[in-house]
Amino acid sequence: MNQMNKSKNWYRDAVVYQIYPRSFYDTSSSGIGNINGITAKLDYLKGGPEGLGIDAIWISPIFTSPMADFGYDVANYTDIDPIFGTIKDFKNLLEQAHARNIRVILDFVPNHTSDKHPWFIESASTRDNPKRDWYTWRDPAVDNGPPNNWLSYFRGSAWQYSEATGQYYLHSFLTKQADLNWDNPEVREAMKQAMRFWLDMGVDGFRVDAVDGLSKDAELRDEPLAPYHDPAVRPYNYTDLLHPFSRDGPHLYERLNEMASVMAEYDNRFMINEAHPKGDDIVVGYAEYYAAIDPDNSAPFNFQCIYLPWQANAFRSYIDHFQSTMLPNYTPIYTLGNHDEPRLASRIGIPATRTAAMLLLTLPGMPFMYYGDEIGIENVAIFPDQVRDPFAEPGKGRDPERTPMQWDASANAGFTNGQPWLPVAADYAERNVAVQLANNASLLHLYKSLLKFRKSSVALREGSYQSIDCGEQIFGYIRKNESHSLVILLNFSDQAQPLPESLQLEEIMLSTISNRSIQNSAWLEPHEGQIRGLKLSDFNC
Ligand code: NOJ
């Protein structure tokens with residue numbers, strides 16, 4: 001029975017847990033995680049003694065795919081890849097998740113299809129095929145080379161020659177990921193129908209992949225060299241060019257709003273766009289983005305907290321700036337990691353992961369956690385013969401952050417009875433869910449406590465945000481609603497830090513140090529985070 005909480009606008013403050021399905025849990029002994037594996041772990045994800053307490057899951061793509069880019073190359077938008085299971089398995093997952101009050105967000109990949117998608121196969125067959133214009137085809141340049149200088153995000157030219165018809169097709173990522181032509185209304189209609197297929201089934205939202213490419217320059221003009229690029233070197237890497245023409249084109253927002261209008265046909269659904277606003281001041285870029293999209297049904301990911309140096313000042317000034325642009329109906333989407341970025345624990349170091357957990361789960365909006373970060377999984381070393389990521393250039397692949405979830409100390413960390421598709425971290429016997437569930441001082445317990453705290457605190461979920469000056473090493477902010485004020489104090493350094501005397505603090509309500517003996521302390525231990533009540537008598541925000 002569907003017991004899901006029907007609360008309107010659940011997404012405004014929901015905590016989302018990203019599952020990379022290949023690596024979560026395998027019930028089929030294939031060595032690759034599957035849908036039934038996610039269903040089997042729903043009790044872990046929901047609240048309660050054995051559970052984390054998240055509100056929603058985002059599942060990276062599970063649609064039919066040759067897996068050239070592990071599902072980001074879709075060959076059928078309305079079916080499940082057999083590696084992951086069946087539509088029946090997915091419906092069961094949806095029902096079981098909803099019964100636990102967990103929302104389900106699917107990955108949607110509108111910019112490109114697999115070259116094995118029937119649409120592309122037709123499109124590539126003859127120049128006069130009705131699907132020809134569903135993709136971007138152009139004649140070779142005079143030297144028989146690619147039609148323009150655009151580059152693939154992964155490597156090399158963004159154009160691939162096709163012998164059968166003597167033209168090139170456009171691909172912003174792998175050659176096996178052909179870009180759809182979003183200028184063609186039939187393409188837009190087909191994509192909206194695919195969205196409706198899953199929304200009709202009861203899916204709660206989408207994370208929408210690579211939306212920057214949904215509008216491109218109609219004339220396909222050459223892109224300029226980046227100012228720092230040495231013209232003596234032939235452009236090769238994506239970052240050697242600026243990209244005013246291949247992405248973020250004039251119809252981008254119109255198209256995002258067209259997709260958001262599909263969300264609006266349904267009750268209480270939401271889409272989160274993988275967006276990368278441009279400009280010298282990225283916050284201004286985000287503000288323009290929010291102003292142009294439909295904020296009641298969509299929001300852009302804010303990736304900056306992944307790239308900032310782990311310094312209190314850097315976070316304070318960025319988040320202050322970002323929050324100052326947020327209107328009441330905007331949903332900020334903060335995140336500290338995903339399947340494309342090195343692991344959080346490896347970027348900031350294990351001791352700081354506790355501080356990071358408190359940061360993420362006490363900020364306004366819809367925070368996204370990445371699977372395994374709750375137990376502090378680090379980047380896993382991948383030997384050359386273990387590389388699976390097609391993007392892998394030496395030292396650049398994304399395999400290290402995609403390794404199997406570490407459930408327990410049994411073989412393969414309890415992830416599979418088969419041969420895992422990527423190696424399991426060497427420290428899995430000590431770092432796993434079972435060990436950390438049994439230890440009240442573990443990182444996992446801290447995540448559970450924070451999630452529980454957040455759930456019970458309207459001030460954290462819905463309150464205003466204002467930072468306070470606590471010196472160079474502490475990032476402090478107040479979250480406040482009509483009845484409660486909380487102050488969050490995060491020590492970004494590895495030294496103890498005194499708290500400003502001017503702060504009229506109540507006792508510690510939650511510390512990242514589980515066995516802290518002094519509850520009324522005037523300092524933060526190294527890397528410590530505290531949530532405290534604030535006597536508002538002499539502080540207004
Ligand atoms: C962004 C996704 O997060 C990434 O994993 C993928 O390779 C590209 N888009 C292409 O779909």
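Both counts, for ligands and for their atoms, begin at 1 and track the order of listing.
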Trainee: Hydrogens and angles aside, do Gln177 and Ser172 bring a side-chain donor and acceptor to less than 3.5 Å of each other?
Mentor: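 The answer is no; no qualifying pair exists.
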
Trainee: Would you mind listing each N/O atom of ligand 1 next to any protein N/O under 3.5 Å, plus the distance?
Mentor:
{"unit_1": "ligand 1", "atom_1": "3 (O)", "unit_2": "Arg207", "atom_2": "NH2", "d": "3.0"}
{"unit_1": "ligand 1", "atom_1": "3 (O)", "unit_2": "His339", "atom_2": "NE2", "d": "2.8"}
{"unit_1": "ligand 1", "atom_1": "3 (O)", "unit_2": "Asp340", "atom_2": "OD2", "d": "2.5"}
{"unit_1": "ligand 1", "atom_1": "5 (O)", "unit_2": "His339", "atom_2": "NE2", "d": "3.0"}
{"unit_1": "ligand 1", "atom_1": "5 (O)", "unit_2": "Asp340", "atom_2": "OD1", "d": "2.8"}
{"unit_1": "ligand 1", "atom_1": "5 (O)", "unit_2": "Arg398", "atom_2": "NH1", "d": "3.2"}
{"unit_1": "ligand 1", "atom_1": "7 (O)", "unit_2": "Asp69", "atom_2": "OD1", "d": "3.4"}
{"unit_1": "ligand 1", "atom_1": "7 (O)", "unit_2": "Asp69", "atom_2": "OD2", "d": "2.5"}
{"unit_1": "ligand 1", "atom_1": "7 (O)", "unit_2": "Arg398", "atom_2": "NH1", "d": "3.0"}
{"unit_1": "ligand 1", "atom_1": "9 (N)", "unit_2": "Asp209", "atom_2": "OD1", "d": "2.8"}
{"unit_1": "ligand 1", "atom_1": "9 (N)", "unit_2": "Asp209", "atom_2": "OD2", "d": "3.2"}
{"unit_1": "ligand 1", "atom_1": "11 (O)", "unit_2": "His112", "atom_2": "NE2", "d": "3.0"}
{"unit_1": "ligand 1", "atom_1": "11 (O)", "unit_2": "Asp209", "atom_2": "OD2", "d": "2.8"}

Trainee: Would you mind telling me which of Phe301, Tyr371, Phe206, Tyr370 makes a ring-ring contact (aromatic ring centres under 6.0 Å, His included) with Trp58?
Mentor: Phe301

Trainee: Using ring centroids (six-membered ring only for Trp), state whether Tyr286 and Phe322 fall under 6.0 Å.
Mentor: yes

Trainee: State whether Arg398 and Asp340 are salt-bridged, where the test is any N-O pair (Lys NZ or Arg NE/NH1/NH2 against Asp/Glu carboxylate O) under 4.0 Å.
Mentor: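 Salt bridge: yes.
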
Trainee: Among residues at least two apart in sequence or on other chains, which ones pass side-chain contact (heavy atoms from CB on, under 4.5 Å) with Ala292?
Mentor: Tyr253

Trainee: Ring-plane angle category for Phe154 and Phe173, please: parallel below 30°, perpendicular beyond 60°, tilted otherwise.
Mentor: perpendicular

